[in-house]
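Please read the structure below before turning to the comments.
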Number of protein chains: 2
Amino acid sequence: MDQVPGTPSLLRAINDRTALQLLSEQGPLTRARLGALTGLSKPTATQLMDRLEAAGLVEALPGEGRTARLYRVRPGAAYVAGIDVTPARLRVRLCDLTGEIIAETSLATPRREVKDAVDRVREALTEACAAAGITVPQLNRVVIGLGGAPDPQTGRIRYAPHLPGWHDPNLPARLRSELTGQNEPDPAVDVENDVNLAAIAEQSLGVTRKGAPLECRDFAVLWIGDGIGAAIVIDGRLHRGYTGGAGELGYMPVSGQPLTRNIRRNVNGGFQSIGGAPAVLKLARSKGFSGSDAATAVRRAAEAGPLGTPLLQELAERLAVGLAPLVAVIDPELIVLTGAMLQAGGEPLRELMTAALHDIVIPRPKLVLSELAEAPVLAGAIESALAQTKQELFDNTRRGNR
Amino acid sequence: MDQVPGTPSLLRAINDRTALQLLSEQGPLTRARLGALTGLSKPTATQLMDRLEAAGLVEALPGEGRTARLYRVRPGAAYVAGIDVTPARLRVRLCDLTGEIIAETSLATPRREVKDAVDRVREALTEACAAAGITVPQLNRVVIGLGGAPDPQTGRIRYAPHLPGWHDPNLPARLRSELTGQNEPDPAVDVENDVNLAAIAEQSLGVTRKGAPLECRDFAVLWIGDGIGAAIVIDGRLHRGYTGGAGELGYMPVSGQPLTRNIRRNVNGGFQSIGGAPAVLKLARSKGFSGSDAATAVRRAAEAGPLGTPLLQELAERLAVGLAPLVAVIDPELIVLTGAMLQAGGEPLRELMTAALHDIVIPRPKLVLSELAEAPVLAGAIESALAQTKQELFDNTRRGNR
DNA sequence: CGAAAAGTAAGGAAACTTTCCTTATTAGAG
DNA sequence: CTCTAATAAGGAAAGTTTCCTTACTTTTCG
């Protein structure tokens, strides 16, 4: 039920909101242009800008004399951080409200030392903030991506046996309260599955973004790197699932493999036992391709022309078998392929996978390679943090001015 | 982007809309009560009622003198029809705008006579309308449910080999233009998958409805009767998939079965070859239960106590194998079981399925039997038609009064 | 110098709120 | 049983908020 009555002040809230949205999407705008885009009249647009400027969310670009003044979102109105957690290290990226990167650092995980996750996050953030010339309490939101899925009910992180130090059941609460000193504001902290963040990145910056030739609001992302995972976007929104486990295909039973029972105890079986890195590395060796890891071996096969086809064909068929249930269940318009192994397989693997998939299920989604070569998880974390932050700033403006 | 500028008349549209929503959800209301529910003041609520009454959408209940007048949605402001298409017959239900059933008829399909689908729909609707004392052009919307999936792009019906006469590629267009005479308005016609309609019925009237103990906005419906199908509701909205094939699990490859290639030619294999009616009937016979159809055999097993357990256990394990990919992909909060065979299996089968499913996938959704014993597809068709019709009436009011 | 664009001011329209008044019903006291 | 006071409904008038239109001034640029 809409508890919000349609009172006139609701209008201003709506208009302020769309104005800020437009400013952050389309860059600097004049008052007149903003009026045209929102559908509001010139005087109203002026009032609106004055309000937003007074609230500190918007600033005028320095202009000479009485030329049309350009306004933009004030970069320093908020800062956000994205963190990509892998077993080897924590990568941190800091951005201002416009999405400009203001610092990027990396904190390696020392061998054999299992440090508390909260301490490591604090350390990493402090270092990055120092590099950017701001402080941790100035951050509005921190989004942490990792190879696991936080349960929305409990906050506990599941599916992440490879990340020691991240299984404290109070982790979400502690991250929200122990990052800063006593009297300083705490940034909001979200923990999110890394593949989900990659999907957010695809939707705001990648192949499915607005305006791209493959723009779409219903798609899946298949990530195969060290692990296997999928993310699902439905109607433009990420679908996490009730326990946060949507798209966790690694343990899903697949055709051609014997059924694994007592799944919570058995770590083998399911899709990962035919498509996971160890299985693929073994397959590659049996087909005559070697490498230190599966992605390397696959890359060699993809670059070997016809010689690599037997390996790629077998791999494509295995992956299609894992993708088939996803296609039958949600019938996506598009599946974006990413992660080290799929990137390594490149176009040859993509083509073979498409053919193999279309042979075993009835819907025929397009398969495309991700174009986000560089740090999709970090990019998604930043996008997610910015989206949330903007939302909050809009709402605060509204409340403050009522 | 919101192209609608936040002009004051937008407010009235919003308020009119929520008012009608409240009236149709909560039954007759006084002006004062409506004001309280919407958060609007008394005078505004009065104006609003006057507008809606003038537009013919609302009427005052006859009241004596100066007691508080009760207003309700005017039943005759719109009529809708739902049709459940099965190979044996067409069932038609007619309702007024308040959802009251005003007629219900059935049209048997003559043997060996493949009549055009449009003709049969027209015939069925004409008969039902005559019984209700209205005419076909008075219908605002007709929703047709059948065991197949219309492709949203093309409108063609797929996955429905059992319905001859329904494969005309122009069917959607013809249904929209050939049901009435030349100068009469045509009702809007939607063709929808029957399991999807059952899911809509669950959400508005069944176990997941608002206020029910198991209310939820993310769930799946598993339907096993003559065929196998699933429907997926995410964030309260039905997910149909890009080609309309979401939840078509029948042809999905499953663990323990050999992979079926060239799926568009081969009609065997996949989930239906272990969980479909013929396979289950065969299984039942091998376990000593007979019956004219699979549901009957399963019912006997469910009523046989421990004697039936071997059959039910095997059946539960098969169905769990088919459900596992759905759970791994979307991680629903709840799965509603319905359709003749699952209803026949009842609580014993549900329990065994729950245990079998929890043994092979990590998320543990609740499995519940549908409580909609009577014609869920028809109920869903009516609900769907009413929802759409209300939407349209609201918008018309807005436009008309602007 | 004149036209176009940007900013500003004033008056008006649409929607909602608050406040007050009248009228009818209802409950309780005599 | 009758009268009176409280309560609730309906309605009218005045005031707010938000936006729009129109008209005017200032500045830039051809």
Side-chain angles (χ1 to χ4, degrees), chain A residues 2-20 22 28-55 58-72 394 397-402, chain B residues 2-20 22 28-55 58-72 394 397-402:
Chain A
D2 252 359
Q3 241 182 335
V4 183
T7 170
S9 68
L10 177 67
L11 284 187
R12 209 175 55 180
I14 293 174
N15 289 331
D16 282 11
R17 222 195 119 102
T18 58
L20 269 171
L22 285 166
L29 296 173
T30 68
R31 292 156 120 102
R33 182 103 189 87
L34 184 74
L37 287 173
T38 54
L40 296 174
S41 69
K42 212 169 35 154
T44 306
T46 297
Q47 284 180 16
L48 202 156
M49 281 292 202
D50 291 346
R51 266 203 308 278
L52 294 181
E53 195 173 11
V58 148
E59 65 183 8
L61 289 178
E64 339 78 55
R66 189 145 172 146
T67 35
R69 254 175 286 167
L70 278 173
Y71 289 80
R72 65 168 178 191
F394 299 165
T397 314
R398 165 160 44 140
R399 227 173 296 137
N401 280 354
R402 208 182 255 187
Chain B
D2 252 359
Q3 239 181 337
V4 183
T7 169
S9 68
L10 175 68
L11 285 186
R12 207 174 57 180
I14 293 174
N15 289 331
D16 282 10
R17 222 195 119 101
T18 58
L20 269 171
L22 285 166
L29 296 173
T30 67
R31 292 154 120 102
R33 183 104 187 85
L34 184 74
L37 287 173
T38 54
L40 295 175
S41 67
K42 211 173 34 156
T44 306
T46 297
Q47 283 180 15
L48 202 156
M49 280 293 202
D50 291 345
R51 268 202 307 277
L52 294 181
E53 195 173 12
V58 148
E59 66 183 8
L61 289 178
E64 339 80 56
R66 188 144 176 150
T67 37
R69 253 175 287 167
L70 279 172
Y71 288 81
R72 65 168 179 191
F394 299 164
T397 314
R398 166 160 45 140
R399 226 173 295 137
N401 279 354
R402 210 184 254 186

Notebook entry, point to check: Listed by chain and number, what are the side-chain hydrogen bond (donor to acceptor under 3.5 Å, both in side chains) partners of B:Gln47, not counting sequence neighbours?
Noted result: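 Checked B:Gln47 against side-chain hydrogen bond (donor to acceptor under 3.5 Å, both in side chains); zero matches.
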Notebook entry, point to check: For B:Arg33, which residues count as a side-chain hydrogen bond (donor to acceptor under 3.5 Å, both in side chains) partner, sequence neighbours excluded?
Noted result: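 Scan of B:Arg33 (side-chain hydrogen bond (donor to acceptor under 3.5 Å, both in side chains), adjacent residues dropped) gives none.
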To the nearest Å, how far apart are [X] [atom1] and [N] [atom2]?
X       : N      : atom1 : atom2 : result
B:Arg33 : D:dG10 : CZ    : P     : 14 Å
B:Arg12 : C:dA13 : CZ    : P     : 16 Å
B:Arg51 : C:dA14 : CZ    : C1'   : 11 Å
B:Leu48 : D:dG10 : CG    : P     : 14 Å
B:Leu10 : C:dA13 : CG    : C1'   : 16 Å
A:Met49 : C:dA6  : CE    : C1'   : 13 Å
A:Arg69 : D:dT28 : CZ    : C1'   : 14 Å
A:Leu29 : C:dA6  : CG    : C1'   : 15 Å

Which one, [options], comes nearest to the side chain of [X]?
X       : options                : answer
A:Ala32 : C:dA6, C:dT17, D:dT21  : C:dA6
A:Thr44 : D:dC19, C:dT17, C:dT8  : D:dC19
B:Ser9  : D:dC20, C:dA15, C:dT18 : C:dA15
A:Leu11 : D:dT18, C:dA6, C:dG7   : D:dT18
A:Pro43 : C:dC16, C:dA9, D:dA9   : C:dA9
A:Arg31 : D:dG11, C:dC16, C:dG7  : C:dG7

Notebook entry, point to check: Mapping B:Gln47 and B:Lys42 onto DNA chain C by nearest heavy atom, which one lands closer to the 5' end?
Noted result: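 Mapping each residue to its closest nucleotide by heavy atoms, the 5'-most match is B:Gln47.
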Margin query: Tell me the closest heavy-atom pair linking B:Leu52 and B:Ala19, and the distance in Å.
Written below: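 What the structure gives for the nearest pair is CD1-CB, 4.3 Å.
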Notebook entry, point to check: So which heavy atom on A:Leu20 is nearest to which on A:Val58, and how close?
Noted result: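 Heavy atoms only, the tightest pair is CD2-CG2, 4.0 Å.
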Note to self: So, does B:Asn15 get its side chain near the phosphate of C:dC16, meaning an N or O under 4.0 Å from OP1 or OP2?
What the structure shows: yes
Notebook entry, point to check: Under the 3.5 angstrom rule, does the side chain of B:Thr38 hit a backbone N or O of B:Leu34 as a donor-acceptor pair?
Noted result: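 Yes: the side chain of B:Thr38 pairs with the backbone of B:Leu34.
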